[in-house]
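Presented below is the structure to which this report refers.
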Amino acid sequence: MEKSKIWLSSPHMAGNEQKYVASAFETNWIAPLGPLVDKFESVLADYTGAGHCAALSSGTAAIHLALEILGVGINDEVIVQSFTFCGSINPVLYQKATPILVDSDPVTWNMDPNLLREAIEDRIKATGRKPKAVIPVHLYGMPARIDEIMQVCAEYEIPVIEDAAEALGSTFKGQKLGSFGDFGILSFNGNKIITTSGGGALLSSNEEWVAKARFLSTQARDKAIHYQHSELGYNYRLSNVLAGIGVGQMEVLDEFVSLRRSNNQFYSDLFKGSGITVHQESSVDFFSNHWLTAILFPADSVLLNKEVLMEALLEESIESRPLWKPMHLQPLYSESKMYGGQVSEDLFERGLCLPSGSNLTDSDRDRIADVVSKVLRNAQ
């Protein structure tokens with residue numbers, strides 16, 4: 001009998017999602033926008049404390065609109081964390097701007113504030129202009145050193161687009177991620193801690209900016225009885241039906257955070273004494289939703305490395321995935337200016353993400369533990 005697949009992070013419907021979607025059908029609010037979009041935006045703004053929210057089609061769309069609102073364009077430079085998913089950086093190219101890449105620190109795995117300062121000062125010296133924006137990322141739900149990043153950017157008066165796409169429910173010093181930057185970014189892709197099937201959100205304390213995002217995301221339609229457009233717009237708005245899923249998911253978000261943190265503890269116990277490190281918070285200031293639990297293998301081990309464990313898991317129909325390949329190693333960004341690089345390159349070489357869904361069962365964890373135990377025994 002073929003074993004059921006254990007996914008890295010599959011959608012988990014556990015609340016009133018169907019009730020809200022049914023209400024959209026019952027009231028015929030199927031077309032884009034509607035009361036559930038308004039409710040979803042309100043819930044997200046209240047939960048994060050960001051102030052205002054625009055529900056959009058993806059986190060990438062949210063970053064794109066943030067850059068547009070900041071006026072980023074040709075010949076402008078934007079500093080981006082290299083160790084991230086391409087959705088954090090591709091919108092810089094949409095604007096025909098120039099991405100400048102910065103390495104991570106080895107503890108949080110996110111943007112190194114010291115390298116950020118070095119990059120800003122060097123770009124000012126090289127171009128005579130400061131970068132137009134900075135995009136730090138809270139990778140796998142782990143908070144970046146966001147207070148230091150915000151301080152550096154404040155000194156040079158550079159806006160921050162805080163990519164919290166993977167970090168809804170995470171906090172730094174008790175403050176929800178996504179609420180630190182001039183803009184905050186969320187994603188509700190199918191594998192995120194909550195999902196709307198596909199979707200994202202733009203957060204900001206600046207009400208005018210969020211209003212502008214809503215305008216641009218609905219094809220920048222002017223107020224007129226006919227269709228009139230004075231600016232370039234985009235089809236980036238979230239639909240009322242998908243927002244209904246999001247409203248239901250938000251009701252169980254805190255439970256999902258707890259379940260994913262329990263998975264992280266499971267892996268910490270499983271790998272204890274093995275030489276494999278489970279990525280965890282370095283102090284009480286950092287609180288991760290542990291969207292994905294990631295591990296690091298010892299350097300230069302033939303019998304105990306990510307390829308060995310990935311293959312063993314795959315044979316038992318269990319999904320795992322290497323850590324993000326840094327952007328400066330990607331063909332598309334190989335010519336981009338990079339500050340640092342060794343940390344993210346090492347993380348990519350030695351790191352692996354393990355099944356972390358809030359819907360993992362005890363049976364799933366037992367299957368994972370059996371595979372890990374065999375690999376660890378063979379490595380001895």
Side-chain angles (χ1 to χ4, degrees), residues 15-17 20-21 23-24 29 32-70 135-138 141 143-144 146 150 159-189 192-218 234 236-257 287 289 291:
N16 291 313
E17 297 92 349
Y20 290 112
V21 171
S23 75
W29 279 105
L33 303 184
L36 289 172
V37 173
D38 296 339
K39 183 175 179 63
F40 191 37
E41 290 178 341
S42 176
V43 169
L44 288 169
D46 289 345
Y47 182 85
T48 60
H52 306 281
C53 174
L56 303 168
S57 57
S58 68
T60 305
I63 293 175
H64 185 199
L65 291 182
L67 293 170
E68 178 77 19
I69 291 166
L70 290 174
I135 308 177
V137 187
H138 304 292
I146 191 65
M150 293 301 300
V160 174
I161 302 171
E162 180 193 359
D163 187 343
E166 302 173 359
L168 182 59
S170 300
T171 64
F172 179 77
K173 293 185 177 178
Q175 182 176 336
K176 292 288 197 304
L177 300 189
S179 66
F180 286 87
D182 297 273
F183 293 96
I185 308 299
L186 300 176
S187 171
F188 312 117
N189 189 32
K192 294 300 187 292
I193 193 161
I194 68 163
T195 184
T196 57
S197 176
L202 182 70
L203 305 167
S204 182
S205 61
N206 188 316
E207 186 174 7
E208 290 184 6
W209 283 353
V210 172
K212 181 73 170 180
R214 293 192 185 115
F215 170 70
L216 292 173
S217 67
T218 49
Y234 308 92
Y236 279 170
R237 210 67 162 98
L238 189 69
S239 79
N240 196 59
V241 174
L242 297 187
I245 300 174
V247 171
Q249 288 268 281
M250 283 298 294
E251 293 179 351
V252 290
L253 171 58
D254 288 341
E255 178 185 349
F256 285 2
V257 171
F287 178 88
N289 65 10
W291 168 59

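One-based numbering along the sequence shown. Scope of the values below: all heavy atoms of this structure, side chains included, with no hydrogens, waters or symmetry mates.
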Minimum heavy-atom distance between [X] and [Y], given as atom pair plus value:
X	Y	result
Ser179	Gln175	OG-NE2, 3.1 Å
Ala24	Asn240	CB-ND2, 3.9 Å
Ala164	Leu186	O-CD2, 3.6 Å
Ala167	His138	CB-CB, 3.7 Å
Ile193	Leu168	CG2-O, 3.8 Å
Ser217	Leu65	CB-CD1, 3.9 Å

*Give me the one residue out of Ile185, Leu177, Ile135 that meets side chain to side chain contact (heavy atoms under 4.5 Å, CB included) with Glu162.*
Leu177
*Identify which one of Leu70, Leu203, Val160, Asn206 satisfies the side chain to side chain contact (heavy atoms under 4.5 Å, CB included) criterion when paired with Phe183.*
Leu70
*Rounded to the nearest 0.5 Å, what's the gap from CG on Leu56 to OG1 on Thr218? Could you check?*
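Rounded to the nearest 0.5 Å, the CG-OG1 separation comes to 10.0 Å.
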Measuring only between side-chain heavy atoms, which start at C-beta, is [X] closer than 4.5 Å to [Y]?
X	Y	answer
Phe287	Lys173	no
Pro35	Lys39	no
Leu242	Ile245	yes
Ile194	Met250	yes
Asn189	Thr195	no
Tyr236	Leu216	no
Glu41	Arg214	yes
Leu36	Ser23	yes

Is there a donor-acceptor contact under 3.5 Å from the side chain of [X] to the main chain of [Y]?
X	Y	result
Arg237	Ala55	yes
Asn289	Ser170	no
Ser204	Asp182	yes
Glu17	Gly15	yes
Ser42	Asp38	no

*asked:* Before we go on, tell me: are the rings of Phe188 and Phe40 under 6.0 Å apart, centre to centre?
replied: yes
*asked:* Assess the residue pair Tyr20 and Gln249 against the criterion (side-chain hydrogen bond (donor to acceptor under 3.5 Å, both in side chains)); give the C-alpha distance rounded to whole Å, side-chain angles, the decisive distance to 0.1 Å, and a yes or no.
replied: CA-CA 10 Å; Tyr20 290 112; Gln249 288 268 281; over 6 Å; no
*Parallel, tilted or perpendicular for Phe180 and Phe172, by the 30°/60° rule?*
perpendicular
*Got more than 12 heavy atoms from elsewhere within 6.0 Å of CH2, Trp29?*
no
*Kindly write out the residues that satisfy salt bridge (charged side-chain N to carboxylate O under 4.0 Å, His left out) with Lys212, not counting sequence neighbours, or none if the list is empty.*
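Per chain and number, Lys212 pairs via salt bridge (charged side-chain N to carboxylate O under 4.0 Å, His left out) with Glu231.
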Show me the donor-acceptor pairs within less than 3.5 Å that the side chains of residues 45-54 make with the rest of the protein, sequence neighbours left out.
from	atom 1	to	atom 2	distance (Å)
Tyr47	OH	Asp254	OD1	2.8
Thr48	OG1	Leu44	O	2.8
Thr48	OG1	Ala50	N	3.2

